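Data first, discussion second: the structure below is written as structure tokens.
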Amino acid sequence: MAQHSGPQQRIFSPIRTALHRFAFILLIVSCFALMLLGKADTVLIERIRGAAVDLVSPIMSLASRPAASIDDVTSRIESFASLYEENLRLREENRELLAWQQVARNLTYENNRLRELSHYANPPSQHEVSARVIADMGGAFAHSMMISAGTRDGVLKGQAVLSDEGLIGRIADAGYQASRVLLITDINSRIPVMIENSRDRAFLSGDNTDRPLLTFLTADATVAPGDRVLTSGHGGAFPPGIPVGIVSSVSENAVRVAPLFRRHQVEYLRVVNYGLAGILKDPDALHSMPHLDQGRQTIRGIELPTGVGVGPVPSGEDGTDQPDQPVFNAPPSGSAGSRP
């Protein structure tokens with residue numbers, strides 16, 4: 001064996017040494033040759049490249065299988081560990097929810113008993129209409145949407161429009177088949193609101209931006225970024241407690257609120273009739289609301305409800321009215337809000 005290896009070693013040893021010395025140069029020359037060949041004949045290079053891929057792909061597939069198997073086993077072990085942790089967390093949350101469920105049942109029973117003892121009058125039942133947004137009519141000077149619900153569905157001007165998160169706006173125009181929604185970010189929108197933590201009152205005034213302003217805040221109002229903003233119920237437009245937004249920034253010049261909805265992601269809305277006529281100006285719309293049948297007053301042959309709202313009232317005992325002097329209507333005599 002050693003005798004046959006001697007002549008072979010003498011022959012191949014110089015070749016091996018030459019390859020080691022000139023390997024780098026040969027690689028550079030080969031690269032330049034391939035580049036020139038690629039410029040001269042692109043079709044041939046594409047064929048060579050395809051053949052190289054076909055030749056190498058089975059080898060790479062075989063080489064990657066052990067790594068893929070190891071990765072699969074590792075991911076399953078990690079998933080088992082995460083499932084165990086998630087199971088423990090869900091068990092803990094389940095115990096907490098059961099405890100809160102018992103507290104909620106006790107509070108519900110107590111609330112019902114207190115309402116019975118105090119003869120609490122429940123608010124009128126609300127009527128909801130779900131509609132799809134069929135057009136975004138917003139632009140640089142207006143923020144509004146068109147929805148596929150109108151008067152035939154019970155939608156009236158002034159009703160609140162909500163998303164899953166909170167208040168979006170109100171019905172500005174109600175047609176027979178479709179209606180226009182004025183968003184709370186529109187420059188014509190003014191909504192009475194309050195800060196949830198401090199209960200300070202203000203107006204949410206739109207300015208055609210994505211961050212409406214809080215106006216008419218008192219000097220000693222306590223507002224901080226992150227505070228929730230709710231409807232206050234003043235003016236009879238919306239009931240109190242509807243979520244509107246989150247205070248995003250507080251500065252010396254302005255307090256801005258981030259609405260709870262994303263305008264360009266809204267697809268479905270809810271038009272809610274809370275039984276309030278504070279911003280309804282159409283007498284026909286007022287007459288069509290059944291909860292306003294009680295307590296009406298007649299002025300110039302037109303019946304108007306004597307609830308919370310704005311309208312002309314008689315100024316003297318003889319029943320004469322002052323047409324250019326709108327004041328807040330007084331509640332009907334004998335109601336809970338009347339005074340002697």
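Remember, it's a predicted structure, so these values are computed and weren't measured experimentally.
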| said: Using side-chain heavy atoms (C-beta onward) and a distance below 4.5 Å, is P192 in contact with S232? | reply: yes
| request: Could you check if a side-chain atom of L204 sits within less than 4.5 angstrom of a side-chain atom of V257, using non-hydrogen atoms only? | output: yes
| field | Residues, nucleotides or ligands: over 12 heavy atoms within 6.0 Å of N197 CG | value | yes
| query | Does any N or O in the side chain of T231 come within less than 3.5 Å of the main-chain N or O of G233, such that one atom is a donor and the other an acceptor? | reply | no
| field | Salt bridge flag under 4.0 Å for residues D136 and R263 | value | yes
| message | So P243 and E165, do their side chains get closer than 4.5 Å, heavy atoms only? | response | no
| Is the closest side-chain heavy-atom distance between I168 and I184 below 4.5 Å? | no
| said: Considering only residues two or more places apart or on different chains, which pairs with a residue in residues 161-215 satisfy ring-ring contact (aromatic ring centres under 6.0 Å, His included)? | reply: F203-F216
| Is any side-chain N of the basic residue among E116 and R113 closer than 4.0 Å to the acidic one's carboxylate O? | yes
| Going by heavy atoms in the side chains, are N208 and H143 under 4.5 Å from each other? | yes
| task | Could you walk me through whether L217 and L214 pass the side-chain contact (heavy atoms from CB on, under 4.5 Å) test, one step at a time? | result | CA-CA 7 Å; L217 275 170; L214 278 183; 4.1 Å; yes
| Any M145 side-chain heavy atom under 4.5 Å of V266 side chain | yes
| field | side-chain hydrogen bond (donor to acceptor under 3.5 Å, both in side chains) pairs, two or more places apart, involving residues 246-260 | value | D207-R256
| said: Any salt bridge linking R89 with E93? Criterion: basic side-chain nitrogen under 4.0 Å from a carboxylate oxygen. | reply: yes
| field | Sub-4.5 Å side-chain heavy-atom contact between F261 and L269 | value | no
| query | Given V193 and L230, is the side-chain contact (heavy atoms from CB on, under 4.5 Å) satisfied, shown in steps? | reply | CA-CA 5 Å; V193 296; L230 312 175; over 6 Å; no
| Between T151 and V155, is a side-chain contact (heavy atoms from CB on, under 4.5 Å) present by the stated rule, with each step listed? | CA-CA 5 Å; T151 54; V155 175; 6.0 Å; no
| message | I'd like to check R95 versus L98 (side-chain heavy atoms, cut-off strictly below 4.5 Å). Are they in contact? | response | no
